[in-house]
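Structure first, commentary second.
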Protein chains: 2
Amino acid sequence: MPEQPQVTLDDVAQAAGVSPATASRVLNGATQVRADLRDRVLEAAGRLAYTPNPHARALARASSPAVGVICHDIGDPYFAGIARGVMRTAAEEGLQVILGSTFREREREVAYVSMMRGQRVRAILLIGSGFEDRPWQKAMQGELAPYIAAGGRVAAVSRHQGLRVDTVLPENREGAAALAGALLALGHRDFAVLTGPASLTTVVDRLGGFKNALAEAGVTLAPDQIVEGAFTRDGGYEAATELLRRGLRATCVFALTDVMAVGALTALREHGLAVPADVSLAGFDDIPIVVDLTPPLTTFRLPLEDLGRRVMAMALQPARARSRTDRVLGEVVLRESTAPPARPAGWSPAPPAERISQ
Amino acid sequence: MPEQPQVTLDDVAQAAGVSPATASRVLNGATQVRADLRDRVLEAAGRLAYTPNPHARALARASSPAVGVICHDIGDPYFAGIARGVMRTAAEEGLQVILGSTFREREREVAYVSMMRGQRVRAILLIGSGFEDRPWQKAMQGELAPYIAAGGRVAAVSRHQGLRVDTVLPENREGAAALAGALLALGHRDFAVLTGPASLTTVVDRLGGFKNALAEAGVTLAPDQIVEGAFTRDGGYEAATELLRRGLRATCVFALTDVMAVGALTALREHGLAVPADVSLAGFDDIPIVVDLTPPLTTFRLPLEDLGRRVMAMALQPARARSRTDRVLGEVVLRESTAPPARPAGWSPAPPAERISQ
DNA sequence: CTGAAAGCGCTTACAG
DNA sequence: CTGAAAGCGCTTACAG
């Protein structure tokens, strides 16, 4: 490994016959430098293929052009979609992105924040759901507070209880309620829900919104028709399987995420149930793939890439006295995976099911 | 923004009543330090919540614990899957990952390498397909060579022509050939191919392998049955639509990636064609979702996450005199999207279609 | 406008 | 085993 000495600012300065200070100024776009000096510096830098050492720069400037992005699983289409938006804005702004993927272990999230804080990133983006977990919130806030106090920026997607951070808040509660409304309008009265870990704020919000809307319509959700699974494709598959084992009494199944719905669809199919003929199925998020399922999935659309762009944009804005919340609208998208129930139980006509915008 | 002064090594040393050198040694796990001093340092560091400044460290050590990872689109399940594997190994090794997503603009790939090189990352991982593009290869090699000469490590997934880099090589050519064999064994003689940009080495390899295998079986592929599209879901949708516009004469359609196959499946369905009753469809990669399609997709499975782990592992090994290539096996996975042709044209029985392993 | 000098926070030979 | 000192490569007041 023939370690090659790196070309340094001093080399450039020397080659150009100026001081390092002047070379630095030129290379940083200072305009108050004599034209001929500037040219010599630029020429020398080009000839020597000079690349500034970002660590030296970060050290001297006490700031770096990097942002940290933490998600639960970069292999998950939901996070991949948001990350895509983040990368877009990062590229436009010339920022580096340091990625953290926790594999859904929440302690790793704290560890990543600690690492990125040490790294002196300009901003930290939390794009995974928050946790309803007091000790975790304490630990996280313990990392975040000093970082923010030192001038760091933090922005999150979804509700992060207990953390004082700027937030891009997708309409989880309202969206689930709107979806419930649309499914009720279709004539459903018997629902099952495939839910995720109860400690996720996203689960709380979506499940809460859905249940509330049902309750307001006088519809109750039987406890045994709520099945918890992992927030993954396999989690959806297994939750649906468990639901069938318990005995499916619902005419419509709501999976809290599209990813879970995808697994559920296969489980239903494997058990000989046709969607929507035998049972309707709805998801949440509108990840890219669900329009290609058979049948295409009814869902609540979240603009994933836009979520990513927004959270990045928010992090790049200066901090305010109190943390801000940007609500992001979504919309119910009715597709073929939902239809009026085959066996409406004492059902009276409902208003037509249109696309309900929020 | 009340900029808080950061706790420095000197603070720790002072609090512990030792020199910065000693504090540094303790914090870096040196064993040859008197126990009581070590304890005092550790205590002070803990009490002050000291975090070393990685930039200072990188500057002093002339190396940083970061690796750069460049893909074409982090929103694409293929790359998201590989990235997942990369993140796994990175976490295990305590490495930071700087992510680059080029949005399929090849110049951005060079720009990212340049940036990461400047960043003094330990290694650069190219996980996107290579390009059959001489000027691009020159530009890329121009960035890579000095980086490597300076001790940097580079590893790639897929064939990167013109770049002297260690490679994790999925069996694109052999895989496509094996898939062709399996489809021939099913009785197909009339094929169509939905291909991607011809400048991608992955396209060249998969298309070449597929065609070759057909040729060896005495089957030719009509030029008008080969349609090029973008390497995306929409590219697959559009290519399939164009194929139908031209007149589908094939009994089996091969999409060069699962992502394209997903779009193609929807296009076929929208045009009233049943898969596999009217036409068989096969993809490549075995991204997580395709098992949940209706019908589940026949494909050539690549162990995506493993690809990511391997390329990372390779980059962490010391460089060798000549670049290495790790071939990664895959396997044909026959699912319900392929079946014997509905109208076998002068067809003689073929050997039974089993799962053909490579 | 330009340069000498100090400083960013850490590591590591080099003496003791 | 421990510490004083130099150095990593850059930036930025501070003088001129």
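Numbers restart at 1 for each chain; the letters A, B, ... are given by sequence-line order, proteins then strands.
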Under a 4.0 Å threshold between the charged nitrogen and the carboxylate oxygen, would [Y] count as salt-bridged to [X]?
X: R84(B); Y: D306(B); answer: no
X: R47(B); Y: E43(B); answer: yes
X: E305(B); Y: R309(B); answer: yes
X: E105(A); Y: R108(A); answer: yes

Using heavy atoms and a sub-4.0 Å distance, could you list which residues of residues 16-25 of chain A are near DNA chain D? By number, please.
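Heavy-atom cutoff 4.0 Å gives A21(A), S24(A), R25(A).
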Mind listing the residues from residues 37-48 of chain B sitting with a heavy atom below 4.0 Å of DNA chain D? Number order is fine.
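Of all residues in residues 37-48 of chain B, the ones placing a heavy atom under 4.0 Å from DNA chain D are L37(B).
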When all nucleic acid strands are considered with a 4.0 Å heavy-atom cut-off, which category describes P52(A): base, sugar-phosphate, or nothing?
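Counting heavy atoms under 4.0 Å across all strands, the contact made by P52(A) is with sugar-phosphate only.
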Which residue in the set T102(A), L99(A), I124(A), L126(A) passes side chain to side chain contact (heavy atoms under 4.5 Å, CB included) when paired with Y112(A)?
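Only one option passes, and that is T102(A).
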Which class fits the ring pair H55(B) and H55(A): parallel under 30°, tilted 30 to 60°, perpendicular over 60°?
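Rings of H55(B) and H55(A): tilted, 30 to 60°.
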Can you tell me how the ring of W136(B) sits relative to the ring of F131(B), calling it parallel under 30°, perpendicular over 60° and tilted otherwise?
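Because their plane-to-plane angle is over 60°, the rings of W136(B) and F131(B) count as perpendicular.
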Under 3.5 Å for both distances, Watson-Crick or G-U wobble, that's the pair rule; now give the dot-bracket for DNA chain C, with | marking pairs to another strand and [ ] for crossing ones.
|||.||||||||.|||
Please check if any side-chain donor atom of [X] sits under 3.5 Å from a side-chain acceptor atom of [Y], or the reverse.
X: T325(B); Y: R159(B); result: no
X: R324(B); Y: Q317(B); result: yes
X: S64(A); Y: R57(A); result: no

Between R34(B) and L59(B), which is nearer to the 5' end of DNA chain D once each is assigned its nearest nucleotide?
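Counting from the 5' end, the first nearest nucleotide belongs to R34(B).
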If you pin A35(B) and T8(A) to their nearest nucleotides in DNA chain D, which one's is more 5'?
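The answer here is A35(B).
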Looking at Y147(B) and G142(B), would you say the former's side chain and the latter's main chain have a donor-acceptor pair under 3.5 Å?
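No.
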Say we look at dG16(C) and dT12(C): how far apart would their C1' atoms be, to the nearest angstrom?
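Result for the C1' pair: 16 Å, nearest Å.
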Euclidean distance for P, dA6(C) against dT2(C) (whole angstrom)
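To the nearest whole Å, 22 Å.
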Extract all donor-acceptor atom pairs below 3.5 Å that involve side chains of residues 7-18 of chain A and protein atoms in other chains or at least two apart in sequence.
unit_1	atom_1	unit_2	atom_2	d
T8(A)	OG1	D10(A)	N	3.1
D11(A)	OD2	T8(A)	N	2.8

Partners passing side-chain contact (heavy atoms from CB on, under 4.5 Å) against A62(A) (at least two apart in sequence or in another chain)
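side-chain contact (heavy atoms from CB on, under 4.5 Å) check on A62(A) returns nothing, list empty.
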Heavy-atom contact window of chain B on DNA chain C, given 5' to 3' at under 4.0 Å
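Both ends considered, the range comes out as dG9(C) to dA13(C).
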